[in-house]
Visitor: 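One structure, as structure tokens, below. Some questions next.
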2 protein chains.
Amino acid sequence: MFSAMARAATTTDAFNAVAEPRRRQILDVLAGGERPVNDLVDLLDLAQPLVSKHLRVLREVGLVDVRDAGRQRVYRLNAVPLKAVHDWVKGYAQAWEERFSALDDVLEELKAEENGT
Amino acid sequence: MFSAMARAATTTDAFNAVAEPRRRQILDVLAGGERPVNDLVDLLDLAQPLVSKHLRVLREVGLVDVRDAGRQRVYRLNAVPLKAVHDWVKGYAQAWEERFSALDDVLEELKAEENGT
DNA sequence: TTGACATATACCCATATGGGTATATGTTTT
DNA sequence: AAAACATATACCCATATGGGTATATGTCAA
């Protein structure tokens, strides 16, 4: 038995992992190839413990893999969990395209008015 | 002058708005057409104030528009801000496809082994 | 105008979060 | 073995977050 949680963890899936800008930055760097932690510290200009913490979230969600290399820990991108995000958001592509073409229509109208009705 | 914030707000962009499952549900419903708040309350089986709060976040991020209709407030999807999410995640498509084809290779190998050698 | 209805807001609460500093852990070099 | 290096973890802290209940606000119906 346990009382209802006041708030559920929000760092347990790809959507949340990727909601944090720092973590997107990390993934963006790793997209260019695997990197030890210190590289990320330098590139992100963020305290080392914070980088490690973000990496932990990414690891728990499966967005990165780690490999030991002497005294370094080399992190590597695993983009697979991002497919879920992509699949969800892809469903809205039509919706924003409609919006854009609706805007185009308005602009066309304005242009037509400019040239006399 | 102000002291450094201990933590920045995380509900101020599309990435974060969409990280919350309830809000994705709301958008999924609105994708089927505009809806008054109470419809969402019924469909999501969530307390009305919570729905209103999630709608507020979505509104602030520009993912929904509102329209007054008598004593109802009708919410409507605006998918445009999702394009940013799509654009970012799209850049990783190649990465997860590589992973999948790497997996395919492994499976092929196992299959080959099964049939002798 | 009084009451029902629809929605937003003001609170309270427990917990998650991200940043920070100090330190533990493990590895390589000297 | 000791020192330097690389990384993870344990804390502390302020604040954001999501859920909940009560209530304010505004609109329509009787």
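Convention: sequence-line order gives letters A, B, ...; per-chain numbering from 1.
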Visitor: Is there a donor N/O on one and an acceptor N/O on the other, under 3.5 Å, for the side chain of B/Lys53 and the base of D/dG19?
Guide: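 Indeed, a donor on one side and an acceptor on the other fall under 3.5 Å apart.
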Visitor: Starting from C1' on C/dT7, measure out to CD1 on B/Ile26 and report it in whole angstrom.
Guide: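 Rounding to the nearest Å, CD1 of B/Ile26 and C1' of C/dT7 are 14 Å apart.
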Visitor: Could you tell me whether B/Gln48 contacts a base, only the sugar-phosphate backbone, or nothing, with contacts defined as non-hydrogen atoms closer than 4.0 Å?
Guide: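 Since a base atom lies under 4.0 Å of B/Gln48, the category is base.
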Visitor: So what does B/Pro36 hit on the nucleic acid, given a heavy-atom distance under 4.0 Å: a base, only sugar-phosphate, or nothing?
Guide: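 Here B/Pro36 touches the backbone only, sparing every base.
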Visitor: Rounded to whole angstroms, how far apart are CG on B/Asn16 and P on C/dA16?
Guide: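 Going from CG in B/Asn16 over to P in C/dA16 covers 18 Å.
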Visitor: Please tell me which of B/Val57 and A/Leu50 maps to the more 5' nucleotide of DNA chain D, matching each residue to the nucleotide holding its nearest heavy atom.
Guide: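 Final value for this comparison: A/Leu50.
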Visitor: Between P on C/dA8 and CD on B/Gln72, what's the gap in Å once rounded to a whole number?
Guide: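 So the two atoms are 11 Å apart, to the nearest Å.
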Visitor: Using side-chain contact (heavy atoms from CB on, under 4.5 Å), reason through B/Val18 and B/Val85 one step at a time and then give a plain yes or no.
Guide: CA-CA 9 Å; B/Val18 149; B/Val85 178; 5.6 Å; no
Visitor: Go through it in stages, so that I can follow the logic: the residues are A/Asp28 and A/Arg24, the test is salt bridge (charged side-chain N to carboxylate O under 4.0 Å, His left out), and I'd like the CA-CA distance, side-chain angles, deciding distance and then a yes or no.
Guide: CA-CA 6 Å; A/Asp28 288 343; A/Arg24 284 203 299 281; over 6 Å; no
Visitor: How many Å lie between CD on A/Glu60 and P on D/dA8, as a whole number?
Guide: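 These atoms are roughly 12 Å apart.
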Visitor: Taking the minimum atom-to-atom distance to the side chain of B/Arg71, which one of C/dT7, D/dA29, D/dA6 wins?
Guide: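 Closest nucleotide among those given: D/dA29.
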Visitor: Would you indicate which nucleotide in C/dG19, C/dA8, D/dA6 comes nearest to any side-chain atom of B/Pro49?
Guide: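 Closest of the options to the side chain of B/Pro49: C/dA8.
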Visitor: Without decimals, in angstroms, what is the distance between B/Arg56 CZ and C/dT9 C1'?
Guide: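 To the nearest whole Å, that distance equals 8 Å.
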Visitor: Can you tell me how far P of D/dT17 sits from NE2 of B/His54, to the nearest Å?
Guide: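 Roughly 11 Å, once rounded to whole Å.
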Visitor: Please state whether the rings of A/His86 and B/His86 are parallel, tilted or perpendicular, taking 30° and 60° as the class boundaries.
Guide: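 Rings of A/His86 and B/His86: parallel, as their planes differ by under 30°.
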